[in-house]
2 protein chains.
Amino acid sequence: MHYALYYWPQIQGRAEFIRLALEEAGADYVDVARTKGGMNKMMQLMKSGAHPPFAPPFLKAGSLLIAQTAMILLYLGGRHGLAPKDEAGRLWVHQCQLTLLDFLVEIHDTHHPIGGGLYYHDQKTEALRRAADFRASRLPKYLGYFENLLAKHPRGGLAGAKLCYADLSLFQTIDGLCYAFPQTMASVKRRYPRLHALHERVAARPRIKAYLASARRIPFNEQGIFRYYPELDG
Amino acid sequence: MHYALYYWPQIQGRAEFIRLALEEAGADYVDVARTKGGMNKMMQLMKSGAHPPFAPPFLKAGSLLIAQTAMILLYLGGRHGLAPKDEAGRLWVHQCQLTLLDFLVEIHDTHHPIGGGLYYHDQKTEALRRAADFRASRLPKYLGYFENLLAKHPRGGLAGAKLCYADLSLFQTIDGLCYAFPQTMASVKRRYPRLHALHERVAARPRIKAYLASARRIPFNEQGIFRYYPELDG
């Protein structure tokens, strides 16, 4: 199956969770909006058909056009051995992914607490307050939750010994947090040894390692979800 | 199948989307935390087992314990005829539900833009700004999107002629918005005739009508997701 992935071309954003799954699976895909004329194709697809997406990312897979990051991963996971085959395991990995994406909204809103359509510098005062609450309260709650889940599977991931797509997304979350909040993450590193070990294990997987070193991996930047603003790092 | 639903007892919250599906299906369920000793049971379940939820709501269905509102509805929808049976239709309804829950986070954050653990009056200044952006930009974007989807199925719902669980969730979203932003919603009512027609059709369904009139339906209040603060209504 050939896949066409559609997402804003300048940022990792939510599409990065999908790219990591496609790369680990060795899937045949094109990142359409990063090709010539691709942005026009993306905008056209958003306006047409029976099932128009609300927003990118979305994926064309045969006759299916599907959106919502967690749902795209639910779809891909079953087809590329990146999720358990039994119902309980399949639902569990989807549940982990949905929780990671809830976390992602909170990470994003540290720099955009008032509105996604406004510039950061127009909501910096509010961002300082939201980021302080995030560092003190939400970050440890989410990291502690996932650290405890990994404790159930020593040397494994969220679904046990075999890698699942939510492990890739957890890698991306830790990677992004270390970019956006380097001081905070360094100061609490010892509390989350399993998260950091999983981050290292995923980064060392041959296909992921090759991907991260390639031009296909867009660098973190201050247009994306994970942004480095030193003042928000406490 | 007997279901046990777990959620905070004083509010509709995210569980309301699940309750509406269970009620429409005529399913056998208990709202555990609203029964004697139920809160203790809920807190215990959050700490135990192989698949602990990050937060309520969660559902016990036989040996499965599953969390995340959209995933619970994906599970229930397939079992109670509240979603299409084909893959494209099943994914589409899940996609709609995920978009509605993204919308819900933005609705919630109008009164809690800084932190869910802080009181409203401690973030009222920021809430005024976030709510203004929400009314001007996000509310019309989401409502316009769903209005356009309904235009594809005159007199039907998001998945066509047959009711799906995302239609029930869309009903709840409109119902909550009319509670929280009465002036704003009244002023734009004519722009969204299909959303209001769907709201009325769902409210008139026999099981939903009986549920809404029962003590099982917790009234909207200012501890929930949809809160009426006149100053945020513009």
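The structure displayed is predicted, hence computed values, not measured ones. In what follows, chains carry the letters A, B, and so on, assigned in the order in which the sequence lines appear, proteins first and then strands, with residues in each chain numbered from 1.
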For this session: Might you confirm whether atom NZ of A:Lys60 has over 12 heavy atoms from other residues, nucleotides or ligands at distances under 6.0 Å?
Result: yes
Exercise. Who wins among A:Arg138, A:Lys141, A:His153, A:Arg130 for the most heavy-atom pairs under 4.5 Å with chain B?
Worked result: A:Arg130
Exercise. Taking every heavy-atom pair that is under 4.5 Å apart, which of A:Gly115, A:Pro52, A:Ser137 has the most such pairs with chain B?
Worked result: A:Pro52
Side chain / backbone / both / neither for [X] at chain B, heavy atoms under 4.5 Å:
X: A:Phe54; value: both
X: A:Ala132; value: neither
X: A:Tyr142; value: both
X: A:Leu158; value: neither
X: A:Ile72; value: neither
X: A:Gln123; value: both

Per-residue contact mode, [X] against chain A (heavy atom under 4.5 angstrom):
X: B:Leu101; value: neither
X: B:Ala50; value: backbone
X: B:Thr99; value: both

Exercise. Which of the residues B:Ala88, B:Ala55, B:Ala67 is involved in the greatest number of heavy-atom pairs with chain A at under 4.5 angstrom?
Worked result: B:Ala67
For this session: Count the heavy-atom pairs under 4.5 Å between each of B:Leu98, B:Asn148, B:Leu118, B:Leu64 and chain A, then report the option with the highest count.
Result: B:Leu98
Donor-acceptor check, side chain of [X] to backbone of [Y], threshold 3.5 angstrom: yes or no?
X: A:Arg129; Y: B:Ile114; answer: no
X: B:Lys152; Y: A:His51; answer: no
X: A:Tyr75; Y: B:Leu91; answer: no

Can you tell me how far the [atom1] atom of [X] sits from the [atom2] atom of [Y], to the nearest 0.5 Å?
X: A:Leu65; Y: B:Gln95; atom1: CG; atom2: CD; answer: 7.5 Å
X: B:His94; Y: A:Ile66; atom1: NE2; atom2: CD1; answer: 10.0 Å
X: B:Arg90; Y: A:Met71; atom1: CZ; atom2: CE; answer: 9.0 Å

For this session: Could you tell me whether the side chain of B:Asp109 reaches within less than 4.5 Å of the side chain of A:Pro113, counting heavy atoms only?
Result: no
For this session: Measure the shortest side-chain to side-chain distance between B:Thr125 and A:Glu126 over non-hydrogen atoms and say whether it is less than 4.5 angstrom.
Result: no
Exercise. Can you check side chain to side chain contact (heavy atoms under 4.5 Å, CB included) on A:Val105 and B:Asp102, steps first, answer last?
Worked result: CA-CA 9 Å; A:Val105 172; B:Asp102 287 346; 5.5 Å; no
